[in-house]
Structure formats: structure tokens, C-alpha cells
Amino acid sequence: MPSDCIFCKIVNKEIPSAFLFENDALVVFKDINPQAPVHLLIVPRKHIRSINDLKDEDRSIISEMIFSGRNMAKTFKTDTSGYKLFFNVEKGGGQEVFHLHLHLIGGFEK
Ligand code: 5GP
Ligand code: ZN
């Protein structure tokens, strides 16, 4: 892990953060600069730079992330009104934190 990775520090509790959900594979917390009424980040415990850097052995992590996104959308009651789950990939794709994360945004008006 790069020593300056902010999400590694959050995952490892070096920076205090309220986890909305956690399991062996990932943690979920609120985005510090929300772009919608609900804006959560689903972050694997393993440091992976981006989607480009996934290995075959990471398939279960991605699966966990997507199912957790679905579950958190339901928990935050944005499942029926609708939501977005997305990855930004590298600088041109809008990625600013180079530790893989899935955005969940929702809570839009119905
Ligand atoms: P990216 O642009 O890399 O896909 O998304 C990074 C996201 O992480 C941004 O939406 C940004 O607001 C959020 N973020 C950056 N630093 C922190 C932090 O220290 N804590 C939290 N909770 N979110 C952060
Ligand atoms: Zn990291």
C-alpha cells in the first residue's frame, strides 16, 4: 500500500471514520463532498489502484462491492426511486483517489 493513500488510512482506522457497513472485503462510508442526498463510497480493504489493476483473484471483491452497493441503496431507501453505482477510472475518467472505490449516489426526487 502507498503510505500516502487516504483510503488505506480510513480502512485501517488511522483516520477516524464512521463505517456504515463493513465486512471482510470492504468498508462503506459517506463521501466527504456529497454530489447527491445519498453519496456513499464502497471501498475494498485491499489496496487496488483502479479497475485497470484488477486481477482474476479480485473477482470476489468486485462482486461484494456491487452487492453491497445494492444493499446500501435499499438501506438508504433509494432503491425504488433510483440510484447510480459507478467507478471513475484514472485521471481522465475523473478518479482523484487512487484506491479503488464504487460510488453510490441517490436520494434524487422521484
Ligand atoms: P473519485 O473522484 O476518485 O472517483 O472519488 C473520490 C471521492 O472521495 C470524492 O467524491 C471525494 O469527495 C471523496 N473523498 C476524498 N477524500 C475523502 C476523505 O478523506 N473522506 C471521505 N469520506 N471522502 C473523501
Ligand atoms: Zn489504498
Side-chain angles (χ1 to χ4, degrees):
M1 129 193 176
S3 58
D4 59 346
C5 176
I6 188 101
F7 284 0
C8 279
K9 288 180 179 165
I10 290 174
V11 163
N12 294 326
K13 299 191 180 243
E14 289 167 42
I15 296 175
S17 195
F19 294 157
L20 303 168
F21 176 78
E22 62 181 309
N23 66 17
D24 286 349
L26 58 81
V27 304
V28 180
F29 51 87
K30 288 187 177 174
D31 195 293
I32 202 168
N33 183 24
Q35 304 299 309
V38 175
H39 189 167
L40 309 184
L41 298 173
I42 297 145
V43 180
R45 292 185 185 277
K46 179 180 177 183
H47 181 89
I48 300 167
R49 179 182 166 93
S50 83
I51 286 283
N52 284 342
D53 302 281
L54 287 171
K55 298 187 166 61
D56 271 350
E57 70 217 37
D58 298 323
R59 284 174 189 273
S60 65
I61 293 175
I62 293 297
S63 175
E64 279 291 329
M65 290 172 75
I66 291 172
F67 274 86
S68 294
R70 187 274 307 267
N71 293 345
M72 294 308 292
K74 191 170 174 69
T75 300
F76 277 75
K77 303 191 186 324
T78 189
D79 52 330
T80 51
S81 60
Y83 57 96
K84 299 184 189 195
L85 285 173
F86 62 91
F87 295 96
N88 293 328
V89 184
E90 291 296 335
K91 292 190 177 73
Q95 188 174 4
E96 293 179 351
V97 176
F98 294 96
H99 178 132
L100 186 68
H101 52 281
L102 178 61
H103 292 259
L104 164 62
I105 65 172
F108 309 107
E109 288 191 25
K110 292 176 191 169

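Note that ligands are numbered from 1 as they come in the structure, with each ligand's atoms numbered from 1 the same way.
With salt bridges taken as basic N to acidic carboxylate O contacts below 4.0 Å, none links Glu96 and Lys91. Salt bridge annotation for Glu64-Arg59: absent, with no cationic side-chain nitrogen under 4.0 angstrom from a carboxylate oxygen.
Here the shortest heavy-atom pairing between Phe108 and Ala36 reads CE2-CB, 3.9 Å. Closest heavy-atom contact between Asn88 and Gln95: O-OE1, 3.4 Å. Considering all non-hydrogen atoms of both residues, Leu100 and Pro44 come closest at O-CD, 3.1 Å.
Within His99, the N, O or S atom lying nearest to the Zn ion (ligand 2) carries the name ND1. The N, O or S atom of His47 with the smallest distance to the Zn ion (ligand 2) is ND1.
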Pick out the protein N or O atoms lying less than 3.5 Å from any N or O of ligand 1, and list each pair with its distance.
unit_1   : atom_1 : unit_2 : atom_2 : d
ligand 1 : 2 (O)  : Gly94  : O      : 2.8
ligand 1 : 2 (O)  : Glu96  : N      : 3.3
ligand 1 : 3 (O)  : Glu96  : N      : 2.7
ligand 1 : 3 (O)  : Val97  : N      : 2.9
ligand 1 : 3 (O)  : His101 : NE2    : 3.1
ligand 1 : 4 (O)  : Asn88  : ND2    : 2.9
ligand 1 : 4 (O)  : His101 : NE2    : 2.8
ligand 1 : 4 (O)  : His103 : NE2    : 2.8
ligand 1 : 5 (O)  : His101 : NE2    : 3.0
ligand 1 : 5 (O)  : His103 : NE2    : 3.3
ligand 1 : 10 (O) : Asp31  : OD1    : 3.2
ligand 1 : 10 (O) : Asp31  : OD2    : 2.5
ligand 1 : 12 (O) : Asp31  : OD1    : 2.5
ligand 1 : 22 (N) : Lys30  : O      : 2.8
ligand 1 : 22 (N) : Ile32  : N      : 3.4
ligand 1 : 23 (N) : Ile32  : N      : 3.2

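A side-chain donor-acceptor contact under 3.5 Å links Asp53 and Ser50.
Between His103 and Phe86, the angle of the ring planes stays under 30°, which puts this pair in the parallel group of the 30/60° scheme.
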